[in-house]
Amino acid sequence: MCGIVGYVGPGEAVDYLIGGLRRLEYRGYDSAGVATITSSGRLAMAKSVGRIDDLELRLAQTPTPGRIGIGHTRWATHGAPTLANAHPHLGGDGVVAVVHNGVIENFQSLRQRLENEGHAFTSATDTEAIAHLVAAELAKQPPTDDMAAVGHQPLITAVQSALFQLQGTFGLAILFRDYPDVLLAARRGSPLIVGVGVGEHFIASDTSPLAGRTDKIVFLADHELAVVTGRSLRVVHRDQGHVAHRVRVLDLQSTDVELGHHEHHMLKEIFEQPESVANAMRGRLDLDAATARLGGLNLSPGQLHSVERILMTACGTSWHAALVGEYLIESLARIPVDVDYASELRYRNPPLDRNTLLFAITQSGETADTLAALREIKRKGHPTLAICNVVGSTIANEADGGVYLHAGPEVGVASTKAFTSQCVVMSLLALYFGRLHHLSFDAGMRIIGQLQELPDKVGEALQTNDQVYQIAQKYARCTNFLYLGRQFNFPTALEGALKLKEISYIHAEGYPAAEMKHGPIALVDETTPSVFVTPHCHVYDKVMANMQEIKARGGPVIAVVGRGDTEAAELADDVIEIPSVDDYLQPIISIIPLQLLAYHIAVARGCDVDKPRNLAKSVTVE
Ligand code: G6P
């Protein structure tokens, strides 16, 4: 969703702002804008509806020079994607410019009051109320000739007074026309970071704009306000006043967020999976004890041993990984697992046993519903763990402990490598909890052996790419798809269908293969392909019977099968062979051709794979 950048230093601000906004494109947006303060003290601004390319065209006509500036990509919530609604928004008569992520719940009443006081609004956004509010509070401050000499205190006081009146969530960067040496950045519920350079500072809503600029990062916490000049950074907490800030050094490679020779981020990330799968288990396999070594759980051995029930919560693709986790942990560790959509869990009041452990599964670590569900369960006194990709993200920080995926930045909106890494982490957890309870040393070693082979097997599965491309051309014009699988491959079927929906806009339903008889079979005709996910597994024969049922009704069948499966080959119209692994690791392999299928179909239909319509990478609103 929306993205924020800001710059103050000796360089041309707009260079970082535009480069940074490009790096944030993946989050999903429909308009964009930048504002700077020129050397003559003028506020220069450019906005566009549509892509950053359009913004650059506007900047060619109306440049925004200056050594300080802010920028934004907007994903419309309050008001349509129009120029008037694009950020930055101005307050007062243009003394303040604001970019904002999040939602202000009381903006209507604030707007009413500010309009009564004479502030003229020009947009339908909640953000504009913040800009006018800050301007109104600033006007109450005593005039100051040398703002730096007084530690920018009037600006801090004005912004804090304004923030105090806001209900809702925000990440904010604020520019003051009359004080061109300082930026203020604040957060409550919406991530914001400051990058520390040499004589310059960068602001961003996630780390991707900073790659190649600096690796020194300060993560702002809720209720913190950063006062940023080229040479200084101070952090002020709402209740505690000035607080020390920790500068973390992150390994940010600019190549991680750039396309290289690939046509799309999604394809690049699909092909990164042999490495990302290896990274998810690197250093975590304990061959001496035949278990997994998970250093970040932060729970005592006693606490872990006494876990009697696991609750998993997530959204989207991460929810499918949670389902894989349910099958894995229940079958290897014999601990009951419930999986709940975070958006449901946050408002539900399920009875929870005392020894229930919560896992929040999230690539971004910022999904609003997952965060709210985590807080709700934490409030009730249960230990919480995050399975998360983005280091330092809100959910990673708020959970009691967790496991990072180490998948590297995922830029494509449709999640791919995060899913397989999540499944790897689920198998490590199942192994770990299994070894605490019922799993023998030998069984643990067998699982470790299979895990070690996974990166190569993922590589082999990727070799189906050319064949999947051909299949995609054959079916690209279909308008309905069914995805069917059972047991461990039921979540794979759901995830395969989601991938197709997300990027090709084709209606696709994932179903347990046998359950298909209770409704979806009515959709089957010669124009509705069924994608069967049926590698050799303990329910293989049953799934083959389901395949017969589809064929008997004239439905085309694409089958993802184990190597050398002649039975499926005879029945199916198209067959994709993948390497064999034990049932519980199959989702990590069987999802690969389904990711490729969705990708090639979307390209064949001319869809914008990395920026699918209406979707956002990181959903930070409810
Ligand atoms: C959005 C993304 C999905 C993602 C979901 C959950 O809908 O488009 O790809 O699976 O959010 O995101 P998370 O970061 O919590 O895994």
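A quick note: this is a predicted structure, and the numbers were derived from the prediction, not measured. In listed order, ligands and their atoms are each counted from 1.
- Annotation: Ser318 places an N or O atom under 3.5 Å from an N or O atom of ligand 1; distance criterion only.
- Within the 3.5 Å criterion, the main-chain N or O of Leu523 finds no donor-acceptor partner in the side chain of Asn480.
- The pair Lys417-Glu410 does not meet the salt-bridge criterion, since no charged nitrogen lies less than 4.0 angstrom from a carboxylate oxygen.
- For the pair Arg486 and Phe532, the cation does not sit on the ring face, since its NZ or CZ is not both under 6.0 Å from the ring centre and inside 45° of the axis.
- Remark: side-chain polar atoms of Asp54 are not paired, donor with acceptor, to backbone N or O of Ser48 under 3.5 angstrom.
- Note: an N/O pair closer than 3.5 Å links Thr362 and ligand 1 by distance alone.
- Put simply, the side chain of Asn85 gets close to the backbone of Ala124: a donor and an acceptor are under 3.5 Å apart.
- Residue Lys617 approaches ligand 1 through these ligand atoms, each under 4.0 Å from one of its heavy atoms: 1 (C), 2 (C), 11 (O).
- Regarding atom 9 (O) of ligand 1, its nearest protein heavy-atom neighbour is Val413 O, 3.2 Å.
- Selection from Ser618, Ala368, Ser364 by nearest heavy atom to atom 14 (O) of ligand 1 gives Ser364.
- Counting heavy atoms only, Cys315 comes closest to atom 6 (C) of ligand 1 of the residues Pro612, Cys315, Ala314.
- Among all non-hydrogen protein atoms, the one lying nearest atom 4 (C) of ligand 1 is Thr317 N, 4.2 Å.
- Side-chain atoms of Thr394 and Arg187 include a donor-acceptor pair closer than 3.5 Å.
- Taking 4.0 Å as the cut-off between side-chain N and carboxylate O, Glu56 and Arg22 count as a salt-bridged pair.
- Not a single donor-acceptor pair under 3.5 Å links the side chain of Lys378 to the backbone N or O of Asp400.
- In terms of polar-atom proximity, defined here as any N/O pair under 3.5 Å, Ile361 makes no such contact with ligand 1.
- Heavy-atom proximity to Gln363, at under 4.0 Å, picks out these atoms of ligand 1: 13 (P), 14 (O), 15 (O), 16 (O).
- Distance from atom 13 (P) of ligand 1 to its nearest protein heavy atom, with residue and atom name: Thr367 OG1, 3.2 Å.
- By the 3.5 Å distance cut-off applied to N or O atoms, Ala616 is counted among the residues near ligand 1.
- Screening Ile329, Asp338, Leu345 against Met312 for a side-chain contact (heavy atoms from CB on, under 4.5 Å) leaves a single residue, Ile329.
- Short contacts between ligand 1 and Val619, defined as distances under 4.0 Å to a heavy atom of the residue, involve ligand atoms 1 (C), 7 (O).
- Contact annotation for Glu366 and ligand 1: no heavy atom of the residue comes within less than 4.0 Å of the ligand.
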